2 protein chains.
Amino acid sequence: MNDPMNKKMIRIKDIAKLSGVSVGTVDRVIHKRGKVSDTAREKVEKVLDEINYTPNLLAKTLGSNKVYSIALLVPDPGQDPYWKLTMTGLDTAKQEWRPYHMDLQPYFFELESAQSFQYAAKELMENPPDAVVCAPIFLNEALAFFEQLDQQKIPYVQFNTMIPEVKPLSFIGQDAYQSGILGASLLHLVSKNQTGNQAILHIRENVQHSVHFREKERGFREYFRKLPQSQTVSSVIIEGEDMNTFEDKLIGAIKKENIKGLYIPTSSGATLTVDVLEKNGLGHISVVGYDLLKENIVLLKSGKIDFLIHQNPSRQVFRGIYHLANHLLFKKRSPEKELFPLEVITAENVDSYLEAILH
Amino acid sequence: MNDPMNKKMIRIKDIAKLSGVSVGTVDRVIHKRGKVSDTAREKVEKVLDEINYTPNLLAKTLGSNKVYSIALLVPDPGQDPYWKLTMTGLDTAKQEWRPYHMDLQPYFFELESAQSFQYAAKELMENPPDAVVCAPIFLNEALAFFEQLDQQKIPYVQFNTMIPEVKPLSFIGQDAYQSGILGASLLHLVSKNQTGNQAILHIRENVQHSVHFREKERGFREYFRKLPQSQTVSSVIIEGEDMNTFEDKLIGAIKKENIKGLYIPTSSGATLTVDVLEKNGLGHISVVGYDLLKENIVLLKSGKIDFLIHQNPSRQVFRGIYHLANHLLFKKRSPEKELFPLEVITAENVDSYLEAILH
DNA sequence: ATGAAAGCGCTAACAC
DNA sequence: GTGTTAGCGCTTTCAT
């Protein structure tokens with residue numbers, strides 16, 4: 001903005017001298033803390049208006065000499081490869097913030113159990129951190145937790161799933177609706193030469209996730225509805241249970257609805273599906289899936305999945321921590337929302353993503 | 001790695017006490033500066049081995065009390081929309097590093113004039129910065145400049161174009177060969193239904209850029225060569241001059257070679273090309289271009305360009321500055337190479353990229 | 001309400 | 001060679 005060329009940077013001491021008060025008073029005025037007389041305040045503010053003071057953040061942090069802690073509340077990475085990716089983000093953040101003595105502690109809950117979310121949240125609060133990064137998988141339980149944080153004035157970042165009811169320091173994630181549109185367009189492109197219908201496949205999606213997945217479905221349908229020659233879209237819902245039921249349901253639907261393309265919003269769903277397709281000689285069906293899970297990468301490279309959309313969970317937590325750390329350490333303000341780009345992964349660019357440093 | 005839960009962080013003072021020497025000596029051992037007796041060194045090193053000391057970077061930087069400057073040497077952003085994007089990266093970096101009193105100064109040269117590169121480099125060196133970020137468009141001139149920097153022990157980051165002959169602090173950019181492969185695969189995908197040949201279009205590419213563009217071409221050709229039914233690829237070279245010549249050459253080549261798909265490695269080349277195609281009723285020809293230039297975005301959204309590949313020049317400079325700042329301020333070591341992912345942009349995800357904070 | 005002064009952890013200059 | 005000490009710019013405490 002303005003030239004930082006002026007040799008000497010302005011210090012609180014300088015402001016004090018210029019306005020004829022002590023550094024203590026200047027500090028009080030700047031941070032609106034303690035008592036200051038109107039006359040003193042005016043003198044200082046006058047000087048502040050004229051010069052352009054930017055505090056030295058290093059000194060600020062050093063002087064206040066606190067060790068901050070940030071807790072991370074996420075699904076157990078051992079239970080799901082998608083959530084396992086978030087640990088990379090945590091590790092990178094740990095390294096990055098280590099020199100600032102930031103204490104980063106993860107707490108895990110079962111992906112399928114709202115109760116375990118409550119339990120993990122409770123454990124977390126037994127030793128209240130200075131800030132929290134949370135994936136609010138379970139709507140009600142998350143709301144209760146966030147309320148608790150609000151009460152204790154603990155700032156938090158919400159990521160992955162967007163719950164509009166709360167006002168976190170920031171939300172980090174993607175536009176799920178647009179993600180559905182993108183998925184649809186990719187599927188459309190890649191299955192142009194085949195005849196048949198498109199389908200969205202819901203595999204073991206918690207009802208609780210539903211906001212997220214519903215938005216994806218809405219986008220997906222919208223794309224095909226808007227097409228010049230509007231196409232119908234089937235929806236195949238598979239609750240879970242055993243592989244045989246899964247196979248029967250899936251193959252049944254494909255045959256019945258004459259499906260040529262499958263959109264699979266759940267990261268780990270693509271592997272299961274492709275296995276079944278292969279086994280049943282349905283390898284020609286186009287597949288668009290999510291995320292850089294090991295299995296997905298293999299399938300992508302071998303051409304069994306056509307596209308992946310990258311949600312970048314590792315970076316989501318990395319950025320969540322980043323915002324909170326900046327908030328705590330440097331009082332920097334964070335964006336209300338940080339929406340990640342919807343990244344298209346193909347066999348040809350997947351390696352470039354794997355090599356890239358948490359970008 | 002290891003638990004940061006131990007209430008108190010270890011300070012140099014602690015190490016001094018534990019090893020029975022003074023803080024000065026500990027500092028000397030840690031930084032291998034000044035003279036230390038072997039016995040003292042051993043005592044300190046023994047303690048260092050046992051405990052896990054991470055220096056407080058805030059205190060470190062504050063104590064050494066320097067104002068660092070980083071110079072940026074890039075093509076004039078006024079002359080080319082691609083290079084204009086780098087200014088976003090500079091601005092963001094300025095904001096980010098402002099609190100650390102980092103002085104960031106850009107120097108510009110003419111995109112088509114090696115001499116102006118020399119001139120700008122000379123001007124830059126009249127007031128030697130502590131580090132340099134440079135886009136080495138002109139091979140020989142860049143080599144001379146880098147040599148000068150090496151001599152003066154000024155660290156530098158090389159971005160956008162990879163010159164293997166030098167050893168900068170880091171290189172930032174993309175794998176151009178793989179980028180060509182990606183471009184080819186996208187073009188192949190999108191033009192499957194049409195008959196004809198693929199072509200790569202070279203528009204006003206300085207000979208000096210050639211490493212970069214040659215690699216892209218190599219990848220592009222390689223993709224089609226490896227295809228089960230190997231396809232031929234034409235290469236259309238347009239030196240510059242006026243629009244009419246451009247049009248004649250382009251249309252001539254398209255007709256003659258029966259071209260159905262165009263790969264355009266130069267960011268600003270796509271607009272020119274699409275204009276000519278439209279005008280000549282050749283709107284059906286598929287186009288893959290580069291980068292999020294305003295004009296490209298419009299064409300992408302209207303379906304006149306099928307895909308863009310994002311080189312993210314703004315982030316390239318942002319990261320370049322990031323590495324150098326960390327190097328200077330915190331003595332952090334940077335990666336030799338930071339390869340960006342090859343990002344695929346479509347009409348459906350382009351907005352998500354525009355919204356995204358310099359990601 | 002305000003000023004003076006003691007840190008924060010590290011660096012660097014200085015004395016011995 | 002080694003220990004001591006005065007900063008770096010800010011926060012925080014303690015007198016006044």
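Order of the sequence lines fixes the chain letters, A, B, ..., with proteins taken first and strands second; residue numbering starts at 1 for each chain. Because the structure is predicted, anything quoted here is derived from the model rather than measured. Side-chain atoms are counted along with the backbone in the values below, which use heavy atoms only and exclude waters and symmetry mates.
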According to the salt bridge (charged side-chain N to carboxylate O under 4.0 Å, His left out) rule, which pairs have a member within residues 151-168 of chain B, sequence neighbours left out? B:Asp150-B:Lys167

Value in whole Å for how far the [atom2] atom of [N] lies from [atom1] of [X]:
X        : N     : atom1 : atom2 : value
A:Lys17  : D:dG9 : NZ    : C1'   : 14 Å
A:Lys13  : D:dG7 : NZ    : P     : 9 Å
A:Asp38  : C:dT2 : CG    : C1'   : 14 Å
A:Ile12  : C:dA4 : CD1   : P     : 15 Å
B:Leu329 : D:dC8 : CG    : P     : 18 Å
A:Asn56  : D:dG7 : CG    : P     : 18 Å

For A:Ser314 and A:Thr86, indicate whether the former's side chain and the latter's backbone hold a donor-acceptor pair under 3.5 Å. no

Side-chain N or O of A:Ser37 less than 4.0 angstrom from OP1 or OP2 on C:dA1? no

Looking at C:dG9, I'd like to know if its phosphate oxygens (OP1 or OP2) sit under 4.0 Å from a side-chain N or O belonging to B:Tyr53. no

Does A:Asp14 come within less than 4.0 Å of A:Lys17, counting only side-chain N to carboxylate O? no

Check: B:Tyr156 ring centroid to B:Phe146 ring centroid under 6.0 Å: yes

Sorted by chain and number, sequence neighbours left out, ring-ring contact (aromatic ring centres under 6.0 Å, His included) with B:Phe117 holds for B:Phe109

Does any part of the side chain of B:Asp103, heavy atoms only, come nearer than 4.5 Å to the side chain of B:Trp97, both counted from C-beta? no

Here the residues of residues 24-35 of chain B within 4.0 Å heavy-atom distance, strictly under, of DNA chain D are B:Gly24, B:Thr25, B:Arg28, B:Lys35

Over the length of the helix from C:dA1-D:dT16 to C:dC16-D:dG1, how much do the five-pair end axes diverge, rounded to 10 degrees? 50°

Remember a base hit wins even if backbone is also touched, and classify B:Val23 as base, sugar-phosphate or nothing at under 4.0 Å, heavy atoms. base

Kindly indicate whether a cation-pi arrangement holds for A:Arg319 with A:Tyr322, taking the cut-offs as under 6.0 Å to the six-membered ring centre and within 45° of the axis. yes

Mind checking side chain to side chain donor-acceptor pair (under 3.5 Å) for B:Thr88 and listing every partner two or more places apart, or none if nothing turns up? none

Under the rule for side-chain contact (heavy atoms from CB on, under 4.5 Å), what residues qualify as partners of B:Tyr119, not counting sequence neighbours? B:Glu123

